[in-house]
Amino acid sequence: MKRLGKEQYTIMVSGSIFSVLAVLLVMLGNPLNMGFCIACFYRDIAGSLGLHSAAVVQYARPEIIGLFLGATAMALFRKEHKSRGGSSPLTRFVISFFVMIGALVFLGCPFRMLLRIGGGDLNAVVALLGFAAGVIAGSLLLNKGFSLGRSYTQGKVEGSLPSIIALALLVVLLFLPALLKFSTSGPGSMHAPILISLAAGAVVGLLAQRTRFCMAGGIRDLFLFRDSTLLLGSVAVIVVALILNIATGTFKLGFAGQPVAHTNWLWNFLGMGLVGYGSTLLGGCPLRQTILAAEGNTDSAMSVLGMIAGTAFAHNFGLASSGAGATLGGKVAVVLGFALLTLIALVVIRKQK
Amino acid sequence: MQIIDARGLSCPQPVIETKKVLDKKPDAVTVQVDNISAKENVSRYAKAAKYEVFAEGTEYGWQLELRKV
């Protein structure tokens, strides 16, 4: 093992801060093990905008708005904000769509998976195995030459729009909340105060932009390049969440009765497997896509739109799991997702040869 | 000297392309990148593969010269 350098320490400290904020958000009102969940939060936003009508998951999560604003601020400060795009935007939309289907069959994005492990939820450990398997499968395709093509410089307006849209949502949330839908029961009704959620999101946005934090990237880099830098960030999230959950009495080891979770191990494994697979083909997990969109990457902005559409479909067509388990539709959609992503990858690889 | 054009490629592809070339142990190679994560990731990989990295800012981003230590 190499000695740890500054980069490794920075990402471990960042991951630790993410967990502290996540546990804090739960103490202030977020659902258990859901201080952060990019998939759940996009689903709540889709619900709040009326894109789906699942009454229990509707809230314009300020954490997401904070992620955008924090990452944009850091990118501008470091002169890394660049409008770019044109690398298979529609393909990215479709892949991201299925990444969200997988996430909602499991009930969480990679970020929440780490937080669930830290809360003692063993279903998330099963999901982690699936996630790792998905990332490794995606990495093998990347090694075989899978590529979504080059991106190109775009006009300033194009790359600024993601953050401007996030800002617009904040204005509506603060001053015109009557335009939005808000859950009165269920996970969507559970949340920390708006400004605290916003600030926590902004801090994570700043740090994730700075460190290029990515859960899929961690496993991918270890597998492809024997580089553990990114993975150390994810490890820090789990370890610190574990310590804080034990300290605050929210730690509960086991499979059954975990908050916003189900115990169908096969579908936890496959759901998160699809997330890992798709995220690796996209070049990053849902959090990383969000941060890149905030930096002016419009391909990742298309991924964000694909994720929002995916969450809306997941609820409109009964694909998302509940505490009772995965649905038949969700299982079919996950299998279809694997087939479609593999087909896309094989066609792309063949074209290049 | 061999030039790898990794402009516009998203991570990890710039590193994969670099790795393919460095696996053949050339004395030096140039990598063109246009985004900061590609620059950081290629540099980190090159250093781990025992190459020195000289980065030069260009109009599109950076030109990285990797030389065997």
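Keep in mind that this is a model prediction, so the values were computed, not measured. Lettering of chains follows the sequences in order, A, B, ..., and the numbering in each one begins at 1.
Looking at A/D221, only its side chain comes within 4.5 Å of chain B, counting heavy atoms on both sides. With a threshold of 4.5 angstrom between heavy atoms, B/E17 does not approach chain A through any atom at all. Heavy-atom distances place both the backbone and the side chain of B/D5 under 4.5 Å from chain A. Neither the backbone nor the side chain of A/S87 has a heavy atom closer than 4.5 Å to any heavy atom of chain B.
When all heavy atoms of A/R220 and B/C11 are compared, the pair lying nearest together is NH1-O, 3.9 Å. Nearest heavy-atom pair across B/A6 and A/R150 is C-NH1, 3.8 Å. Considering every non-hydrogen atom in both A/R212 and B/I36, the closest pair reads NH2-CG1, 3.3 Å. Nearest heavy atoms, B/R44 versus A/T229: NE-OG1, 3.5 Å. The two residues B/K19 and A/F225 come nearest to each other via the heavy atoms CD-CD2, 3.8 Å. Summarising the geometry of A/R84 relative to B/G8, their closest heavy-atom pair is NH2-CA, 3.5 Å, with the distance given to 0.1 Å.
Atom CG of A/L292 is separated from atom OG of B/S10 by 8.5 Å, given to the nearest 0.5 angstrom. Distance NZ/B/K39 to CD/A/E80: 9.0 Å, rounded to 0.5 Å. If you take CG on A/N143 and CD1 on B/I16, they are separated by 5.0 Å, rounding to the nearest 0.5 Å.
Considering only heavy atoms from C-beta on, B/Q13 stays 4.5 Å or farther from A/L148 through its side chain. At least one side-chain heavy atom of B/L9 sits less than 4.5 Å from a side-chain heavy atom of A/S147. In this structure the side chain of B/N35 never reaches within 4.5 angstrom of the side chain of A/E295, judged on heavy atoms.
Summarising the local packing, CZ of A/F77 is surrounded by 12 or fewer heavy atoms from other residues, nucleotides or ligands at distances under 6.0 Å. For NZ of B/K20, the number of neighbouring non-hydrogen atoms (other residues, nucleotides, ligands) closer than 6.0 Å is greater than 12. Environment of CZ in B/F54: crowded, with over 12 heavy atoms of neighbouring residues, nucleotides or ligands closer than 6.0 Å.
Ion pairing between a basic and an acidic side chain is recognised when a charged N comes within 4.0 Å of a carboxylate O; A/K82 and B/D34 show no such pairing.
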